[in-house]
Amino acid sequence: RGFTRKVKLLAMWLDWDEKKYLQVEDFYVLDLWRPPAWLTATPNQKAADEFKQLLLNRYGHYLKAWRSALDKDNSNSCNWHEFQEAAKHIKLSGDVAGAWLALDEDLSGFISLNEIDA
């Protein structure tokens with residue numbers, strides 16, 4: 001896992017005021033930043049299987065679950081926030097972030113119906 005993009009890009013993001021150099025103050029933002037849970041979680045296939053089973057219990061079919069709970073904006077993808085809401089709606093009490101990572105294997109930041117119905 002880790003940072004897979006060019007380090008130069010990371011430096012550019014931290015140099016938001018375009019000084020062309022970084023100093024300690026530029027890193028203070030990281031002390032305040034609260035990353036989403038999935039960034040620090042570990043993939044949990046058991047939690048993903050539980051999530052999928054709860055979807056089937058509630059909706060009877062993955063396509064119905066997809067349209068009703070996961071892809072409410074019809075974007076053909078489900079982001080982390082949509083996933084969290086769906087997990088809350090079906091009362092997934094376990095490792096939501098781990099389930100997300102198990103389903104988003106390519107770390108694209110989105111899951112598709114194909115990843116749910118695999």
Side-chain angles (χ1 to χ4, degrees):
R1 297 197 178 268
F3 191 76
T4 60
R5 298 176 190 236
K6 296 179 181 173
V7 175
K8 190 173 183 178
L9 187 57
L10 178 60
M12 185 181 74
W13 290 336
L14 289 170
D15 184 23
W16 58 271
D17 56 354
E18 300 179 19
K19 299 182 305 277
K20 304 291 184 214
Y21 59 88
L22 295 174
Q23 39 188 67
V24 172
E25 292 81 14
D26 295 320
F27 293 90
Y28 288 160
V29 68
L30 298 176
D31 290 333
L32 302 173
W33 181 52
R34 298 294 170 247
W38 63 268
L39 265 180
T40 56
T42 321
N44 184 336
Q45 189 58 51
K46 185 177 176 186
D49 292 341
E50 180 185 355
F51 176 79
K52 290 166 67 170
Q53 187 58 54
L54 288 169
L55 287 176
L56 287 178
N57 293 349
R58 172 94 183 203
Y59 297 101
H61 193 276
Y62 289 128
L63 181 59
K64 187 174 180 184
W66 181 258
R67 301 284 298 171
S68 301
L70 294 164
D71 185 26
K72 288 186 169 185
D73 64 356
N74 297 317
S75 63
N76 289 323
S77 62
C78 174
N79 65 32
W80 166 245
H81 299 293
E82 292 169 318
F83 186 83
Q84 273 187 301
E85 286 302 312
K88 214 179 286 182
H89 187 68
I90 62 172
K91 296 179 177 43
L92 177 64
S93 59
D95 183 7
V96 176
W100 167 262
L101 281 179
L103 294 168
D104 184 28
E105 289 180 3
D106 61 355
L107 298 177
S108 64
F110 298 92
I111 57 172
S112 66
L113 175 58
N114 190 41
E115 289 169 305
I116 291 288
D117 195 10

Considering non-hydrogen atoms only, spot the tightest contact between Gly98 and Ala41 and give its length.
-> N-CB, 4.2 Å

Atom CZ of Arg58 and atom NZ of Lys64: how far apart are they, to the nearest 0.5 Å?
-> 10.0 Å

So, Asn114 versus Ser112: side-chain donor-acceptor pair below 3.5 Å or not?
-> no

Do the rings of Phe83 and Phe51 sit parallel, tilted or perpendicular, given the 30° and 60° boundaries?
-> tilted

May I ask you to check whether Gln53 and Asn57 show a side-chain donor-acceptor distance below 3.5 Å?
-> yes

CD on Gln23 to CG on Leu14, rounded to 0.5 Å = 12.0 Å

Do Tyr28 and Leu22 sit in the same hydrophobic cluster, where Ile, Leu, Val, Met, Phe, Trp and Tyr count as joined when their side-chain heavy atoms come under 4.5 Å apart?
-> no

Does a salt bridge link Lys19 with Asp26, judged by any charged N lying under 4.0 Å from a carboxylate O?
-> yes

Side-chain contact, heavy-atom cut-off 4.5 Å: Met12 with Glu18?
-> no

Nearest heavy-atom neighbours spanning Ile116 and Lys52 = O-CE, 2.9 Å

Between the side chain of Asn44 and the main-chain N/O of Ala48, is any donor-acceptor distance below 3.5 Å?
-> no

Would you check if the side chain of Asp71 reaches a backbone N or O of Trp66 as a donor-acceptor pair within less than 3.5 Å?
-> no

Can you check whether Glu82's main-chain N or O pairs, donor with acceptor, with Glu85's side chain at less than 3.5 Å?
-> no

Where do Trp80 and Ala97 come nearest, in terms of heavy atoms and distance?
-> CH2-CA, 3.7 Å

Identify the two heavy atoms, one from Leu103 and one from Glu115, that lie closest to each other, and give their separation to 0.1 Å.
-> O-OE2, 3.3 Å

Closest heavy-atom pair, Tyr59 versus Ala69, reported as atoms and distance to 0.1 Å, is OH-CB, 3.5 Å

Applying the 4.5 Å side-chain criterion to the ILVMFWY set and letting contacts propagate, would Trp38 and Trp33 be lumped into a single cluster?
-> yes

Single-linkage hydrophobic cluster, 4.5 Å side-chain cutoff, Ile90 and Trp100 together = yes

Check Leu92, Leu55, Asp95 against Glu50 for a side chain to side chain contact (heavy atoms under 4.5 Å, CB included) and give me the one that passes.
-> Leu92

Side chains of Asp31 and Val29: does their closest heavy-atom pair fall under 4.5 Å?
-> no

Side chain to side chain contact (heavy atoms under 4.5 Å, CB included) assessment of Leu107 paired with Leu101 | CA-CA 7 Å; Leu107 298 177; Leu101 281 179; 3.7 Å; yes

Would you find a donor on one side and an acceptor on the other, under 3.5 Å apart, between the side chain of Asp104 and the backbone of Ile111?
-> no

Pairwise distance NZ(Lys20) to CG(Asp15) - rounded to 0.5 angstrom | 7.0 Å

